[in-house]
Number of protein chains: 2
Amino acid sequence: MDMQFDLAQSARRESPAANSCPASARVSACAQCQVRSHAICADLDGAELDALNRTGRRVSLRAGQTVMWEGDDSTIVANVIEGTLKLSTSTGDGREQIVGVVYPSDFIGRPFGARTPHSVTALTDARLCLFPRGAFDGFAREHPQLEHRLLQRTLDDLDRTRAWMLLLGRKTAREKVASFLIDMTRRLDPDGEGVQIDLPLSRQQMADILGLTIETVSRQMTEMKRLGIIELAGRRGVCILDEDRLEAMAEAA
Amino acid sequence: MDMQFDLAQSARRESPAANSCPASARVSACAQCQVRSHAICADLDGAELDALNRTGRRVSLRAGQTVMWEGDDSTIVANVIEGTLKLSTSTGDGREQIVGVVYPSDFIGRPFGARTPHSVTALTDARLCLFPRGAFDGFAREHPQLEHRLLQRTLDDLDRTRAWMLLLGRKTAREKVASFLIDMTRRLDPDGEGVQIDLPLSRQQMADILGLTIETVSRQMTEMKRLGIIELAGRRGVCILDEDRLEAMAEAA
DNA sequence: CCATCGCATTGACCTTTGTCAAAGGCGCGG
DNA sequence: CCGCGCCTTTGACAAAGGTCAATGCGATGG
């Protein structure tokens with residue numbers, strides 16, 4: 001965690017401009033963008049894309065780097081092009097809660113607001129399409145299509161977040177871990193059963209998502225392995241052996 | 001809780017049209033609306049307001065009535081004119097988590113989505129300005145001003161909801177109750193210290209917000225009273241005697 | 001004004017999860 | 001390929017909060 005913080009600070013010092021492309025390359029950046037059809041810019045036309053693009057730049061992040069800090073002025077927003085990042089808040093005495101995990105094509109940052117409500121940190125190496133918040137806000141206000149997609153995305157986020165509150169407030173450790181594994185499997189391996197997935201999170205990060213301690217997460221995983229519901233492979237690998245029983249476990253202890 | 005459910009069902013049967021005004025009265029309804037300047041319709045002009053209004057109607061609710069159910073098709077959205085309502089989800093076996101509490105000028109329902117992600121139930125008698133979702137969606141798409149306000153509101157909701165996740169996942173019972181009291185006091189009595197406020201919630205509902213049991217909430221309140229931090233008056237009355245100590249308590253046990 | 005009903009409080013006890021500590025093993029760098 | 005560091009697992013114990021049960025009390029209606 002100390003290391004993570006150091007990395008984060010160095011990321012900040014390097015400045016986000018580090019990996020931006022030369023102006024000539026920018027124009028076509030969107031054309032070859034892997035997430036364009038899913039990101040909020042999906043239904044902008046060529047000229048609009050070009051205009052938005054002129055205010056933005058591509059940025060690469062190493063795992064552990066923090067893009068923005070809880071409580072900071074909200075100065076940047078971004079689309080995630082590649083990688084996985086966590087959104088987190090903490091109490092004064094350092095207890096952390098991960099309030100969201102974002103994937104390629106997701107949008108991060110706080111448009112139309114003065115403060116960043118939570119920190120954003122890369123869990124894996126990642127690439128972002130970054131915009132100054134002010135410029136983005138202005139552009140968005142002039143392009144209802146963009147605002148509409150942002151609204152849809154925000155409404156979806158809110159639904160997911162509220163569903164997660166049920167997990168945090170009312171589920172047991174067992175149910176929490178099972179729910180988490182199902183959620184992750186759905187995200188990372190749409191085909192389901194039998195296939196091994198690689199969690200983009202450490203045990204500590206799983207604990208920070210589920211509102212548990214690392215020991216409790218570990219014990220629950222071990223117990224599920226013992227029951228033949230999952231198989232563990234190394235630190236990050238998990239294989240769902242019995243999806244049905246796992247799902248039952250996610251709903252009632 | 002059974003009673004609440006019965007009331008809710010009867011509300012549904014009575015149909016939401018019960019308290020709508022005659023067409024002649026509708027036109028002027030917005031002019032005298034108490035929440036207009038704070039609701040999402042704030043910056044619509046007269047003609048727009050009129051158009052939107054033609055699709056909507058005013059509805060009165062009794063405490064305990066449920067306006068929409070988790071999982072139902074999303075058919076209505078509404079502005080809260082008066083009263084307090086809860087948003088809630090539950091597990092298959094009946095454990096409930098309140099995922100939001102809404103006040104006058106807040107917006108409820110799920111626009112641009114097929115499903116209602118959580119139930120909405122009146123905690124006090126309440127009045128809504130109700131719209132069919134389809135009509136509202138259509139109107140919103142044609143009025144970027146409205147969508148923009150809805151976006152702002154949704155972004156704020158998301159920030160608040162994520163902040164609440166920290167409470168659910170990482171705070172102790174003591175901290176949860178203290179945080180809740182501070183939050184409520186801020187909402188209901190902007191002047192602060194020394195004044196008695198009336199909670200719009202029962203102990204069970206407080207427990208459902210905080211992810212605790214009714215007994216734990218009760219014990220924490222009693223303990224705070226014993227410490228001279230709050231005073232309790234009847235079932236719903238609370239008086240903050242020492243706001244500073246309460247705030248300290250909300251951050252670290 | 002009093003009886004009653006339902007919410008709230010209190011108490012005793014138990015389960016779950018957290019804490020602290022030690023050992024194991026994965027994976028990186030030498 | 002080996003050793004070391006860090007993450008993870010495991011264990012023993014403590015504590016917070018949940019459960020079950022009984023009592024208290026505020027508000028409603030007769």
Side-chain angles (χ1 to χ4, degrees), chain A residues 1-4 6-7 62-64 91 93-97 123 167-178 196 198-208 210-226 230-238 249 252-253, chain B residues 1-7 62-64 91 93-97 123-124 167-178 196 198-208 210-226 230-238 249 252-253:
Chain A
M1 190 148 280
D2 284 340
M3 183 207 68
Q4 186 178 310
D6 290 348
L7 277 173
R62 307 296 300 277
T91 56
D93 59 345
R95 285 168 286 174
E96 179 174 322
Q97 177 65 45
L123 295 174
L167 175 142
L168 288 175
R170 291 298 185 206
K171 289 192 177 179
T172 63
R174 168 76 48 101
E175 293 168 328
K176 285 179 174 182
V177 173
Q196 180 179 322
D198 259 304
L199 301 175
L201 301 157
S202 68
R203 291 284 183 273
Q204 180 61 62
Q205 288 161 348
M206 286 180 59
D208 288 341
L210 299 174
L212 296 171
T213 59
I214 189 175
E215 292 93 336
T216 300
V217 172
S218 182
R219 277 189 259 265
Q220 294 299 334
M221 302 270 286
T222 306
E223 177 65 4
M224 286 182 192
K225 184 174 91 182
R226 200 186 59 75
I230 61 174
E231 197 52 61
L232 299 176
R235 294 182 173 180
R236 302 292 182 102
V238 188
M249 204 168 255
Chain B
M1 189 146 281
D2 283 338
M3 184 208 66
Q4 187 176 305
F5 194 59
D6 289 347
L7 278 172
R62 306 297 301 277
T91 57
D93 59 345
R95 286 168 286 174
E96 179 173 322
Q97 177 66 44
L123 295 173
T124 62
L167 175 142
L168 288 175
R170 290 299 184 204
K171 289 192 177 179
T172 63
R174 170 75 50 101
E175 293 167 328
K176 285 178 175 181
V177 174
Q196 180 180 322
D198 259 303
L199 302 175
L201 303 157
S202 68
R203 291 285 183 273
Q204 180 61 62
Q205 288 160 348
M206 286 179 58
D208 288 340
L210 300 173
L212 297 171
T213 58
I214 190 175
E215 292 94 334
T216 300
V217 172
S218 182
R219 279 189 258 265
Q220 293 300 334
M221 301 270 285
T222 306
E223 178 65 5
M224 286 183 192
K225 184 174 92 181
R226 202 187 59 73
I230 61 174
E231 196 53 59
L232 298 176
R235 295 182 173 180
R236 301 293 182 101
V238 188
M249 204 167 255

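A, B, ... follow the sequence lines: proteins, then strands. Residue 1 opens every chain.
- In this structure, the CD atom of A/E215 is 10 Å from the C1' atom of D/dT10, given to the nearest Å.
- Between the P atom of D/dG26 and the CG atom of B/D198 lies a distance of 15 Å, rounded to the nearest Å.
- Taking A/E223 as the reference, A/R226 meet the side-chain hydrogen bond (donor to acceptor under 3.5 Å, both in side chains) condition, with sequence neighbours excluded.
- To the nearest 0.5 Å, atoms CG (B/L232) and CG (B/L199) are separated by 9.0 Å.
- Applying the side chain to side chain contact (heavy atoms under 4.5 Å, CB included) test to B/T124 and every residue at least two apart in sequence or in another chain returns B/T84, B/P200.
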task: Start with the C-alpha gap between A/V238 and A/M221, add the side-chain angles, then the distance that decides, and say whether side chain to side chain contact (heavy atoms under 4.5 Å, CB included) holds.
output: CA-CA 10 Å; A/V238 188; A/M221 302 270 286; 4.3 Å; yes

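- Looking at residues two or more places apart in sequence or on another chain, you find a salt bridge (Lys or Arg N to Asp or Glu O under 4.0 Å) between B/R170 and A/D208.
- Looking at residues two or more places apart in sequence or on another chain, you find a side chain to side chain contact (heavy atoms under 4.5 Å, CB included) between B/S202 and B/Q204, B/Q205, B/R236.
- Applying the salt bridge (Lys or Arg N to Asp or Glu O under 4.0 Å) criterion to A/K171, with sequence neighbours excluded, gives A/E251.
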query: Which parts of nucleotides 12-18 of chain D does protein reach within less than 4.0 Å, heavy atoms only, written one letter per nucleotide 5' to 3' as B for base, S for sugar-phosphate only and - for none?
result: B----SS

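- At a cut-off of 3.5 angstrom, counting only N and O atoms as typed in the model, there is no donor on one side facing an acceptor on the other between the side-chain of A/Q205 and the base of D/dC7.
- Here the P atom of nucleotide C/dG18 and the NZ atom of A/K176 are 7 Å apart, to the nearest Å.
- For the pair A/M224 CE and D/dT10 C1', the interatomic distance rounds to 17 Å; values are reported in whole Å.
- Taking atom CG of residue B/L199 and atom P of nucleotide C/dA8, one finds them 10 Å apart after rounding to whole Å.
- For the helix from C/dC1-D/dG30 to C/dG30-D/dC1, the end axes, each set by the C1' atoms of five terminal pairs, are bent relative to each other by 40° (nearest 10°).
- In this structure, B/T172 and A/R95 have side chains that are in contact, with non-hydrogen atoms separated by less than 4.5 Å.
- Residues passing the side-chain hydrogen bond (donor to acceptor under 3.5 Å, both in side chains) test with A/Q97, sequence neighbours excluded: none.
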- request: Could you run through nucleotides 22-30 of chain C and give me one letter per nucleotide, 5' to 3': B if any protein heavy atom sits under 4.0 Å from the base, S if only the sugar-phosphate is that close, - if neither?
  value: ---BB----

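- The CZ atom of B/R226 sits 11 Å away from the P atom of C/dT10 (whole-angstrom rounding).
- As rounded to whole Å, 16 Å separates atom C1' of C/dT16 from atom CG of A/L210.
- For the pair B/I214 CD1 and D/dT19 P, the computed distance is 12 Å after rounding to whole Å.
- Residues that satisfy the salt bridge (Lys or Arg N to Asp or Glu O under 4.0 Å) test with A/R203, not counting sequence neighbours, are absent from this structure.
- Under the rule for a side chain to side chain contact (heavy atoms under 4.5 Å, CB included), the partners of B/T213 that lie at least two apart in sequence or sit in another chain are B/E215, B/T216.
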